[in-house]
Amino acid sequence: MKSICILFVCLFISTQFTNAQGNIDSLKNQINAGTDTNKIEIYYTLFWEYLYRDLNEAKTMADSVFAVANQMDYYTGQGMAHDAYMNIAILQTDFEKAKYHIEEQKIVNIAINNVFAQSSYHQSIAHVYYYQSDFDSAAFHFNEAAQVYKELEHLDYYSRMLVNVGGIYQQIGELEKAIQYFIDAEEVLNSALDDLDTRFIVANNIALIFLE
């Protein structure tokens with residue numbers, strides 16, 4: 001049960017990419033082609049390719065994103081760099097550094113008028129609290145992210161945040177709360193775009209609760 005909950009919480013924090021060596025080689029060959037903006041995108045993609053296989057290389061890619069973005073005074077790229085540094089800090093269990101980069105990313109997102117600035121902040125900070133085993137704070141911030149997605153009528157992500165909260169309650173044994181969040185998420189999914197991954201996790205976690 002715990003592995004399923006953890007997987008779902010990680011799933012909706014940041015976009016992860018495939019990690020085939022051929023893909024890495026292809027991306028490296030593209031670094032010097034195109035604009036500096038394209039270069040940032042490639043470095044950021046390479047960061048995700050390396051994150052779970054070579055943390056030192058992932059850090060190098062994050063540094064490259066940050067350096068090019070600062071040289072261009074490109075806020076979006078700076079936000080991507082802070083996102084990368086946040087994920088590295090979480091893997092290193094340096095949660096205070098992770099929170100610092102989340103705050104910096106929020107400042108960038110507000111500066112560029114990103115409508116998801118608040119939801120991204122709450123979602124990321126919930127991720128950190130989750131790995132600190134501060135489940136009350138994690139649930140609170142996932143709920144806050146859910147409300148922003150609801151207001152923006154981003155129903156697929158609204159439902160995912162509800163399932164994140166349900167997964168936390170399921171993990172700590174508050175099964176009545178968990179199943180209510182899963183049921184609420186299922187109701188949202190009925191009016192959202194088809195999201196088979198989320199539907200599968202909702203159904204699977206509800207089944208596990210009844211097995212308990």
Side-chain angles (χ1 to χ4, degrees), residues 6 9-132 134 137-138 141-142 144-145 148-149 152 154 157 160-161 164:
I6 291 171
V9 171
C10 292
L11 197 62
F12 300 114
I13 299 301
S14 301
T15 304
Q16 298 176 23
F17 298 87
T18 58
N19 56 11
Q21 185 61 45
N23 196 32
I24 289 175
D25 293 339
S26 175
L27 287 164
K28 284 184 173 180
N29 289 333
Q30 300 173 42
I31 287 175
N32 293 322
T35 66
D36 284 341
T37 302
N38 290 338
K39 188 179 292 187
I40 287 172
E41 295 283 351
I42 292 168
Y43 280 133
Y44 186 63
T45 303
L46 281 167
F47 159 77
W48 282 108
E49 297 284 354
Y50 280 119
L51 182 60
Y52 297 107
R53 60 161 58 189
D54 188 333
L55 205 56
N56 288 330
E57 283 295 326
K59 175 67 162 51
T60 298
M61 295 302 111
D63 289 342
S64 297
V65 172
F66 195 64
V68 178
N70 277 348
Q71 184 178 13
M72 297 172 59
D73 198 24
Y74 179 44
Y75 278 4
T76 300
Q78 291 170 1
M80 293 161 72
H82 286 299
D83 179 65
Y85 288 136
M86 178 267 289
N87 280 280
I88 291 170
I90 288 174
L91 288 183
Q92 294 175 328
T93 66
D94 189 342
F95 298 119
E96 292 308 309
K97 182 180 288 187
K99 290 175 184 177
Y100 165 79
H101 287 294
I102 291 168
E103 294 287 349
E104 291 297 303
Q105 186 181 34
K106 180 181 178 181
I107 291 170
V108 170
N109 281 334
I110 291 173
I112 62 176
N113 296 317
N114 185 343
V115 296
F116 297 109
Q118 295 297 333
S119 57
S120 176
Y121 167 78
H122 286 296
Q123 194 172 338
S124 294
I125 207 74
H127 190 200
V128 175
Y129 281 125
Y130 179 85
Y131 282 105
Q132 287 183 293
D134 184 348
S137 295
H141 284 285
F142 277 131
E144 290 294 298
V148 177
Y149 285 127
L152 295 172
H154 202 335
Y157 271 78
R160 293 175 186 188
M161 295 304 101
N164 279 348

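The structure displayed is predicted, hence computed values, not measured ones. Below, all heavy atoms of this structure are taken into account, side chains as well, without hydrogens, waters or symmetry copies.
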> Who pairs with Y100 by side-chain contact (heavy atoms from CB on, under 4.5 Å), at least two apart in sequence or on another chain?
Replying inline: E104
>> How close do N109 and S120 get, counting heavy atoms only, and between which atoms?
In response: ND2-OG, 4.1 Å
> Is there side-chain contact between E144 and Q118, with heavy atoms separated by less than 4.5 Å?
Replying inline: no
> Residues in salt bridge (charged side-chain N to carboxylate O under 4.0 Å, His left out) with D134, at least two apart?
Replying inline: none
>> Looking at every heavy atom in both Q105 and G79, which two are closest together, and how far apart are they?
In response: NE2-O, 3.3 Å
>> Return the CD1 to OH distance between I110 and Y75, rounded to the nearest 0.5 Å.
In response: 12.0 Å
> Given I42 and L46, is the side-chain contact (heavy atoms from CB on, under 4.5 Å) satisfied, shown in steps?
Replying inline: CA-CA 6 Å; I42 292 168; L46 281 167; 4.0 Å; yes
> Residues in side-chain contact (heavy atoms from CB on, under 4.5 Å) with A98, at least two apart?
Replying inline: M86, A89, I90, V128
>> Distance check, rounded to the nearest 0.5 Å: I125 atom CD1 versus F142 atom CZ?
In response: 11.0 Å
> Where is the tightest heavy-atom contact between F95 and Y131, given as atom of each residue plus distance?
Replying inline: CZ-O, 3.6 Å
> In Å, rounded to the nearest 0.5 Å, how long is the span from CD1 of I112 to CD1 of I107?
Replying inline: 12.5 Å
>> I need the S119 OG to H154 NE2 distance, nearest 0.5 Å.
In response: 8.0 Å
>> Show me the pairs that pass side chain to side chain donor-acceptor pair (under 3.5 Å) and involve residues 60-71, at least two apart or across chains.
In response: K59-D63, D63-Y85, N70-Q78
>> Take a 6.0 Å sphere around NZ of K99 and say whether it holds more than 12 heavy atoms from other residues, nucleotides or ligands.
In response: yes
>> Tell me whether the rings of H101 and H82 are parallel (<30°), tilted (30 to 60°) or perpendicular (>60°).
In response: tilted
> Which value, rounded to the nearest 0.5 Å, describes the distance between D36 atom CG and Y74 atom OH?
Replying inline: 11.0 Å
> Under the side-chain contact (heavy atoms from CB on, under 4.5 Å) criterion, do F47 and V65 qualify, and how do the steps go?
Replying inline: CA-CA 9 Å; F47 159 77; V65 172; 5.7 Å; no
> Atom CG of N87 and atom CG of L51: how far apart are they, to the nearest 0.5 Å?
Replying inline: 6.0 Å
> Do you know which two heavy atoms are closest between A62 and A81, and how far apart they sit?
Replying inline: O-CB, 4.2 Å
>> Would you say that Y44 contacts D83 through its side chain, given a criterion of any heavy-atom pair below 4.5 Å between the two side chains?
In response: yes
>> Using the rule given for side-chain contact (heavy atoms from CB on, under 4.5 Å), can you reason through Q92 versus L55, listing the C-alpha separation, both sets of side-chain angles and the distance that settles it, and then say yes or no?
In response: CA-CA 9 Å; Q92 294 175 328; L55 205 56; 3.8 Å; yes
>> Suppose we screen for salt bridge (charged side-chain N to carboxylate O under 4.0 Å, His left out). Which residues come up paired with K106, at least two apart in sequence or across chains?
In response: none
> Which atom names give the shortest non-hydrogen contact between Y50 and M61, and what distance separates them?
Replying inline: CD1-CG, 4.0 Å
>> Using the rule given for side-chain contact (heavy atoms from CB on, under 4.5 Å), can you reason through M72 versus T37, listing the C-alpha separation, both sets of side-chain angles and the distance that settles it, and then say yes or no?
In response: CA-CA 9 Å; M72 297 172 59; T37 302; 3.5 Å; yes
>> Holding to ring-ring contact (aromatic ring centres under 6.0 Å, His included), I want the full list of residues that pass it with Y129, two or more places apart in sequence or in another chain.
In response: H141
> Any side-chain heavy atom of R160 sitting closer than 4.5 Å to one from Y149?
Replying inline: no
> Minimum heavy-atom separation for G77 to I40, with atom names?
Replying inline: CA-CG2, 4.1 Å
